[in-house]
A.B. asks: 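Questions regarding the structure given below will be posed in turn.
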Amino acid sequence: MRLGLFDSGVGGLTVLKSIKEHKLFDEIIYYGDTARVPYGTKDKNTIIRYALEAVEFLKNFEVDMIVAACNSVSAYAIEEIREHINLPVLGVIEPGVKALLKRDAKPKDHILILGTTATIQSQKYERLLHANGFLNITALATPLFVPLVEEGIFEGEILDSTMRHYFKDIKDPDFIILGCTHFPLLKDSLQDYFPNSILIHSGEAIVEHLQSNFDITKSSNSPTLKLFASSDPDGLKRVAKLWLS
Ligand code: DGL
């Protein structure tokens, strides 16, 4: 089976890594729209247009399934993609909430959602969490993390001061939903900042969702990867080498 996976840039590689490690699919085609990253600062119609263009690109490879490895797309464009293409299409938001539920989160637990401005404004995580009885939710847009990750800055002084800036009023979350696929690349620094919090990662959430809801061939080898980017494909391949090795 061939999977088409896309994101605005390198962030979706965090989802690719989890799928690859579990040896799901024979082949994965990855598209990062690096010419137009970030998506999370764009309006809904622009995100939908970009997402449909990414899907058109992936269609050329006759993929069997599409994963939007981008929360901003998952927040605004999943229905439009499903109307556009006759294939299973998955976003990362619902699997992320399911992963939280599986980790025995309790309604009174403090859940911190981190995401792009678009994802936080959509309130999609909050609505799903409310529907599952969660009451103590903080939703925080942290868009500066996206260019840091695109620049390959995963730790150090600039990230530390960005975290202090965003987190100065945040008290002890029990769970942190990494509601942007770029953010797992910062997981070590985020975990150092919040040592007692459990981080929820979209990649692992999608793997759990794929394994329990679809009949996916698990191959004995890692899937073959084909990586594409709308600008600077070598830059994307460099991050992939670092992150996927
Ligand atoms: N990685 C994406 C997400 O999960 C988008 C980041 C961005 O392009 O702003 O939302």
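Both counts, for ligands and for their atoms, begin at 1 and track the order of listing.
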A.B. asks: Taking only heavy atoms of V37, which atoms of ligand 1 are found under 4.0 Å from at least one of them?
C.D. replies: 8 (O)

A.B. asks: Counting heavy atoms only, which of V146, V73, N71 is nearest atom 4 (O) of ligand 1?
C.D. replies: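 Nearest option to atom 4 (O) of ligand 1, by heavy atoms: N71.
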
A.B. asks: Go through ligand 1 atom by atom and flag the ones less than 4.0 Å from a non-hydrogen atom of D7.
C.D. replies: 1 (N), 2 (C), 5 (C)

A.B. asks: Measuring from non-hydrogen atoms of C70 to any atom of ligand 1, is the shortest distance under 4.0 Å?
C.D. replies: yes

A.B. asks: Number the atoms of ligand 1 from 1 as they appear, then name those within less than 4.0 Å of a heavy atom of P38, with their elements.
C.D. replies: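 The list of qualifying atoms is 7 (C), 8 (O), 9 (O).
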
A.B. asks: Between R103 and E208, is there a salt bridge with N-O shorter than 4.0 Å?
C.D. replies: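 Counted as a salt bridge, because a side-chain N and a carboxylate O are separated by less than 4.0 Å.
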
A.B. asks: Please list, in number order, the atoms of ligand 1 under 4.0 Å from a heavy atom of G40.
C.D. replies: 7 (C), 8 (O), 9 (O)

A.B. asks: Please identify which of these residues, F57, Y30, Y31, F6, meets the ring pair (Phe, Tyr, Trp, His ring centres under 6.0 Å) condition with F228.
C.D. replies: F57

A.B. asks: Rounded to the nearest 0.5 Å, how far apart are OG1 of T142 and CG of L114?
C.D. replies: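 With rounding to 0.5 Å, OG1 (T142) is 5.0 Å from CG (L114).
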
A.B. asks: When you measure from the centre of the six-membered ring of Y50, is the NZ or CZ of R36 closer than 6.0 Å and no more than 45° off the axis?
C.D. replies: yes

A.B. asks: To the nearest 0.5 Å, tell me how far H165 NE2 sits from D160 CG.
C.D. replies: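 Answer for the NE2-CG pair, H165 versus D160, is 14.5 Å.
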
A.B. asks: Using a strict cut-off of 4.0 Å, indicate which atoms of ligand 1 neighbour a heavy atom of S8.
C.D. replies: 5 (C), 6 (C), 7 (C), 8 (O)

